[in-house]
Amino acid sequence: MDDFLKRRREARQRAAVFWQSWQWERPWQAGGGVALVNSGNYLLHHYFPGVFLQAVPDAAAEFQVAFSSGGRLEPMADAMLLAEAAPPGLPFGVQALLRRCPAAELPQRTAGFGQTQLCGSQFQVACAPGEDGLVHLQVFVNDNPIGTDADDRRLAVWLLLAQALGQWDLNVKTGHIEITEQPPQGALPLAELPEAFDKLWRARMGHNGVYPGGEAEFRVYGAENDDGEPARILVRNESAASLLGRADLAWCLSVRCEVYDDMSQALARELAQEFSGCVGRREQGILTAMLSDAEKGEYTAFAMVAEPEGLWEKVREITARYERLDARADCVFDPSWRYYRLQG
């Protein structure tokens, strides 16, 4: 079995065992979200160390539980898998990652770690595009407690920002969070941040989430070796940038092969074309880049896809037809399109 499918199936099995074990303990009978979350986190530590539970308010019930990865990207895939695996009939709601709360509630929202207690009404936040292709946030906290632990302050700031933007947008679309000593230029109250953030991401940065139509626009980037010869040539699909950050296109599926002469280069481009046609059906994915590395003798085509497990066998069939190039497939969770943003 391929490593990617093996890892995913093992993760699904661990998720099923977690839910079976947690249901057997029935911690919700003890009453209250604290006991429920504590017991869940004890179990999660054994099965998914990078994921933890948080109790979140819910208008229709006393609370819901959210699977969270904090500020880390990689465990977000497991958090979403755990929520998908939740059995029916639970006496509480389940969600993957922290969601946005209504903007009107943000000034009253609070977050505390250790001796640090912060309130949304203390926040003034500015957002701007960063050089890494993501949004950079500058956060000023009015009446910031003096003498409290800096790490506790940063955690409390992150949690309130997650309530404002949702954990997906905060982790995936935000590159750097700077806590400032003075209000930054263009700062807004926390309640106004979500609208400003969305406008910046969609209109100014061009990530409107709309699948591009017509002929794709490709741009060539190059890097030379010490002798001034082309070492790496990247052909990037600039049209795909509109989809960056979409939650349903978070997996980077790629095919890689060996290249050693003009014939192998031509076959590699043929492989990329077949790969593009496979992933682009019904807008379930999009070819994003092709990288030719002369020093390594490799050619790689990248795509962002929605359901890699469903595409995996079809892609493996394509690579099998290019066995003479030692073609092989790989897949990683890359919700912020890191390889796409940073290779150009």
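Please read all numbers here as calculations on a predicted model, not as lab measurements.
Taking the charged nitrogens against the carboxylate oxygens, Lys199 and Glu195 do have a contact shorter than 4.0 Å, which makes a salt bridge.
Phe302 has its ring centre less than 6.0 Å from the ring centre of Tyr339. No close placement of the Trp22 and Phe67 rings is indicated, their centers lying 6.0 Å or farther apart.
Dense packing is recorded around CD of Gln265, with more than 12 heavy atoms of other residues, nucleotides or ligands lying under 6.0 Å away. Within 6.0 Å of atom CD in Gln273, 12 or fewer heavy atoms from other residues, nucleotides or ligands are found, so the atom counts as exposed in its surroundings.
Checking each of Lys6, Arg7, Arg12, Arg9 against Glu309 for a salt bridge (Lys or Arg N to Asp or Glu O under 4.0 Å) leaves exactly one that passes, namely Arg12. Here the rule is side-chain contact (heavy atoms from CB on, under 4.5 Å) with Ser276, and of Leu271, Leu287, Thr288 only Leu287 fits it. The side-chain contact (heavy atoms from CB on, under 4.5 Å) with Leu234 is formed by just one residue from the set Leu291, Asp293, Thr300; it is Leu291. A salt bridge (Lys or Arg N to Asp or Glu O under 4.0 Å) with Asp169 holds for exactly one of Arg246, Arg202, Arg100; it is Arg100.
Relative ring orientation between Trp251 and Phe4 is described as perpendicular, the plane-to-plane angle rising above 60° on a 0-90° scale split at 30° and 60°. By the 30° and 60° cut-offs, the orientation of the rings of Phe197 relative to Trp201 is parallel.
Geometrically, Arg236 engages Tyr340 in a cation-pi contact, judged by NZ or CZ lying under 6.0 Å from the ring centre and within 45° of the ring axis.
With rounding to the nearest 0.5 angstrom, the CZ atom of Arg8 is 5.0 Å from the CG atom of Leu81.
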Step by step, would you call Leu98 with Leu170 a side chain to side chain contact (heavy atoms under 4.5 Å, CB included)?
-> CA-CA 10 Å; Leu98 299 173; Leu170 182 59; over 6 Å; no

